[in-house]
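Take a look at the structure below.
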Amino acid sequence: MTDVSRLPGAFEESWSWQVRAACRGLDGNLFFHPSGERGEAHQEREAAAKQVCAGCPVRAECLRHALEAREHYGVWGGLAEDERAALLPPVRPRPAAAPARRRPRSRRPEPRRAPAAR
């Protein structure tokens, strides 16, 4: 799933490049592989998607968006998932939350014993 915290804000100018995209109005299935697609079918679909991107006037903006948002799936800006991943630094895992500190067990004072009878 895409980490939406990396997406730019909801400003029209941030997204206006999409109106000029060569893929606008095309079937999105060309750019996103169906579950289980492998081999020649995968290569042919991906090549067709990249062909659309090759002549796109906003290819750079599309790729920049995909890299900034760390889009995990599909062809964006002419690059497939693995090609984009190779351009990005690895995601550092978030530091684990510190374990809750255990309160030291309070030592109960030993009960006072009655003085021994003499």
Side-chain angles (χ1 to χ4, degrees):
M1 175 175 269
T2 299
D3 180 1
V4 295
S5 68
R6 298 175 187 270
L7 293 173
F11 301 107
E12 183 179 337
E13 54 274 5
S14 297
W15 301 98
S16 63
W17 59 268
Q18 292 181 356
V19 176
R20 301 185 325 270
C23 62
R24 186 166 177 85
L26 297 180
D27 184 359
N29 291 328
L30 179 62
F31 300 90
F32 298 92
H33 65 81
S35 180
E37 181 186 66
R38 304 242 187 300
E40 193 173 324
H42 179 81
Q43 292 170 352
E44 288 176 0
R45 184 202 44 77
E46 197 171 88
K50 289 179 177 184
Q51 187 66 38
V52 172
C53 295
C56 184
V58 294
R59 181 178 177 183
E61 290 93 331
C62 181
L63 180 57
R64 184 176 317 114
H65 161 77
L67 293 172
E68 287 175 359
R70 289 187 177 260
E71 290 287 352
H72 293 287
Y73 303 105
V75 174
W76 291 81
L79 297 181
E81 297 100 336
D82 57 335
E83 295 166 320
R84 290 192 312 277
L87 297 176
L88 293 169
V91 176
R92 292 184 185 175
R94 292 183 182 183
R101 287 186 165 187
R102 285 186 154 179
R103 288 186 177 181
R105 290 186 178 175
S106 61
R107 293 189 135 185
R108 293 183 182 171
E110 292 193 25
R112 292 188 180 203
R113 295 184 182 177
R118 292 191 176 174

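Side chains are part of it too, since the values below use all heavy atoms of this structure and drop only hydrogens, waters and symmetry mates.
Atom CZ of Arg45 is separated from atom CZ of Phe32 by 9.5 Å, given to the nearest 0.5 angstrom. The distance from the CZ atom of Arg20 to the CD atom of Gln18 is 10.5 Å, given to the nearest 0.5 Å. For the atom pair Gln43 CD and His33 NE2, the distance stands at 13.0 Å (nearest 0.5 Å).
Contact detail for Ala22 and Cys56: the closest heavy-atom pair is N-SG, 3.3 Å. The two atoms that bring Gly77 and Cys62 nearest to each other are N-SG, 3.2 Å, heavy atoms only. Summarising the geometry of Leu30 relative to Ala48, their closest heavy-atom pair is CD1-CB, 3.7 Å, with the distance given to 0.1 Å.
His65 places a side-chain heavy atom less than 4.5 Å from the side chain of Glu71.
In this structure Glu44 satisfies the salt bridge (charged side-chain N to carboxylate O under 4.0 Å, His left out) test with no other residue, sequence neighbours excluded. With sequence neighbours excluded, the residues forming a side chain to side chain contact (heavy atoms under 4.5 Å, CB included) with Leu63 are Leu67, Leu79, Arg84, listed by chain and number.
Residue pairs meeting the salt bridge (charged side-chain N to carboxylate O under 4.0 Å, His left out) criterion with at least one partner in residues 46-58, sequence neighbours excluded, are Glu46-Lys50, Lys50-Glu83.
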